[in-house]
Asks: 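Let me begin by handing over the structure; questions about it come next.
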Number of protein chains: 2
Amino acid sequence: MTTDPRKRLELLWNGAQRPSRGPKPKLTLDQIATTAIAIADADGLDGLSMQRLAAELGYTTMSLYRYVPGKDQLVEVMLDRAAGDPPRFTGEVRDWRDEIQVWVRELWAVYLRHPWSLRVQVSGPPSGPGQLAWFEAALRPLAHAGLADDELVATVMFLMGAVRQMALLEIDISGARAQSNVTTEEAQTGYETTLREFVDPQRFPTLTALVGRGGFAASGDSGEGIDLDLDFGVQRVLDGLESYLAAQQN
Amino acid sequence: MTTDPRKRLELLWNGAQRPSRGPKPKLTLDQIATTAIAIADADGLDGLSMQRLAAELGYTTMSLYRYVPGKDQLVEVMLDRAAGDPPRFTGEVRDWRDEIQVWVRELWAVYLRHPWSLRVQVSGPPSGPGQLAWFEAALRPLAHAGLADDELVATVMFLMGAVRQMALLEIDISGARAQSNVTTEEAQTGYETTLREFVDPQRFPTLTALVGRGGFAASGDSGEGIDLDLDFGVQRVLDGLESYLAAQQN
DNA sequence: CTAGAACTGTGTATCACTTACACAAAACCG
DNA sequence: CGGTTTTGTGTAAGTGATACACAGTTCTAG
């Protein structure tokens, strides 16, 4: 079922070198990926069909399959390219906490720029040049901070996952608000209201108290606070790493 | 496009009360959801089609649409039920760190039990009874620890996201290994080998060094260490929270 | 310099899936 | 007991991915 992992990587890294035999290909993987990303940015992953992509490029649907084994592989390529360049620090690491924070913010921005990328099934550890560049960018400051190998990997994946998930929530909520016909104001209180209605104080005491104090309005629904929430979490992780490293030095 | 949010919640909470007019429904949302979960557990989300679900139940495809507005809604219900019951602590919170750790482990287990649930598009903040029960279970110890409202929400979502993402990685990797025809041994070194081949030391110095030391073999591909990675991240968050709370008391 | 091999773009066709729509039988209400 | 509501069903439409074969193009071997 799954494609040969070797071919998969070559597509990601080399764009699948073409042999020198037949007619010159008129398309490139680059063109295809770029156009596909544009479509997905505009209309989401659902808006991206091979037929539409081909039409947009001025070719037939099946021609695309000369460049890409299947839609899944195409999406994988899109994903890697859409990641773009991570923030690049050079030379000595000055402030590893700062570098990580910048990294988080930039990654967050990438996700917001390409919301569809959050919808893609991740199918394994990062393997493309784009994904790995982001990995590298986070590894650098953390390695300098003094983490061991396995701790490095753990931390980066942990952070990536958190950013990803928070971004997912952000676009889900803002997306739902945008397309619903209720006013923003209504949407603000809507979630909280329904919670109040359904949530049983016996079974959900902490939650009930929280909703009662309006603690959900801020970050639960308005969506304005999600990046702040992310910031808070990241700060805690960094604090935790610091105290962990400090404890190790004794 | 989106369904009325009100109906959506009623389906999740009440199972959509039936009126007393027409013929008695022979099916229940419960049966449907249970069977659907069984199918998805066995063959994944792709294996779950309305036709197959109906066949398994002994009814026609279209009959299902009397109980569920569409497949998406069904999946949402499945998701909420598959979550099951979170670990339930009662009375005073004794050790909030411990409660959180148990919570994380149990959540991790849920994801492994229902791998398909990681593939589902989350479409907003947790709203069903199952999801909210998990939310409550994490809120409780954290509230006791002394976090403010917005910090509570931030922390829980942050942790949920991290667990989710790590679980996703886990099942992706173990799944890929299971269905590939290479031996486990080969798969172990496979990822690392390809990395070595493609990764440019100039562009990815830290990564290269890491791979060179074999730092990826442990957690990157074998999959044996992912839960350990998660543990490490969670510990750091808890450490961070502790030092944050300690700093506030002064 | 030429024959054939390799490769490209295309048209057709298939298969799987969700879901709209209309209908007949069933159960309840007044 | 007539009418209304609701259920299960059959049919069919629409969409999307992709297998397969064909015709034209370009390179390479001899």
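Below, chains carry the letters A, B, ... as their sequence lines are ordered, and counting in each starts from 1.
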Asks: Are any of the side-chain nitrogens in A/Asp30 or A/Arg81 under 4.0 Å away from the carboxylate oxygens of its partner?
Replies: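 Here A/Asp30 pairs with A/Arg81 in a salt bridge, since their nearest N and O are under 4.0 Å apart.
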Asks: Below 4.0 Å from chain A heavy atoms, what is the first contacting nucleotide of DNA chain D and what is the last?
Replies: D/dG16 to D/dT28
Asks: Rounded to the Å, how far apart are A/Lys71 NZ and C/dA16 C1'?
Replies: 15 Å
Asks: To the nearest Å, how far apart are A/Tyr67 OH and C/dG9 P?
Replies: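 Distance check: A/Tyr67 OH to C/dG9 P gives 3 Å.
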Asks: Can you tell me the distance, in whole Å, between the NZ atom of A/Lys26 and the C1' atom of C/dT10?
Replies: 11 Å
Asks: Rounding to an integer number of Å, can you tell me how far A/Leu29 CG sits from C/dT8 C1'?
Replies: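 It is 16 Å, rounded to the nearest whole Å.
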Asks: Would you find a donor on one side and an acceptor on the other, under 3.5 Å apart, between the side chain of B/Trp134 and the backbone of B/Ala83?
Replies: yes
Asks: Specify the separation, in whole Å, of atom CZ of A/Arg21 and atom C1' of C/dC7.
Replies: 9 Å
Asks: Let me know, please, whether A/Thr61 or B/Asp72 comes out on the 5' side of the other along DNA chain C by nearest nucleotide.
Replies: A/Thr61
Asks: For a quick check of understanding: with a heavy-atom distance under 4.0 Å over all strands, which category does A/Tyr59 fall into, base, sugar-phosphate or nothing?
Replies: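 Result for A/Tyr59 = sugar-phosphate.
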Asks: Nearest nucleotide by nearest heavy atom, which residue falls closer to the 5' end of DNA chain D, A/Arg66 or A/Gln51?
Replies: A/Gln51
Asks: Can you tell me the distance, in whole Å, between the CG atom of B/Leu74 and the P atom of C/dC17?
Replies: 15 Å
Asks: Report the residues that fulfil salt bridge (charged side-chain N to carboxylate O under 4.0 Å, His left out) with B/Arg203, sequence neighbours left out, ordered by chain and then residue number.
Replies: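 Applying salt bridge (charged side-chain N to carboxylate O under 4.0 Å, His left out) to B/Arg203 gives none.
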Asks: Go nucleotide by nucleotide along DNA chain D from the 5' end; which of B/Met62 and B/Pro23 gets its closest nucleotide reached first?
Replies: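 The residue whose closest nucleotide sits nearer the 5' end is B/Pro23.
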Asks: Show the nearest heavy-atom pair for residues A/Gly128 and A/Trp13, with the distance to one decimal.
Replies: C-CZ2, 3.8 Å
Asks: Report yes or no: does A/Asp80 contribute a side-chain atom to a donor-acceptor pair with the main-chain N or O of A/Gln131 at less than 3.5 Å?
Replies: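 Such a contact is found between A/Asp80 side chain and A/Gln131 backbone.
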Asks: So what does B/Ser63 hit on the nucleic acid, given a heavy-atom distance under 4.0 Å: a base, only sugar-phosphate, or nothing?
Replies: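 Here B/Ser63 touches the bases of the nucleic acid.
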Asks: Give a yes or no on whether the backbone of A/Leu27 and the side-chain of A/Tyr67 come within a donor-acceptor separation of less than 3.5 Å.
Replies: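 Yes, the answer is positive, given that a donor and an acceptor are paired below the 3.5 Å cut-off.
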Asks: Taking OP1 and OP2 of C/dA27, is either one under 4.0 Å from a side-chain nitrogen or oxygen of B/Lys24?
Replies: no
Asks: Can you measure B/Leu45 atom CG to C/dC17 atom P for me and round it to whole angstrom units?
Replies: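 For the pair B/Leu45 CG and C/dC17 P, the rounded distance is 13 Å.
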Asks: For B/Met50 and B/Leu64, work out which heavy atoms get closest and say how close.
Replies: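 For B/Met50 and B/Leu64, the tightest heavy-atom pair comes out as O-CD1, 3.4 Å.
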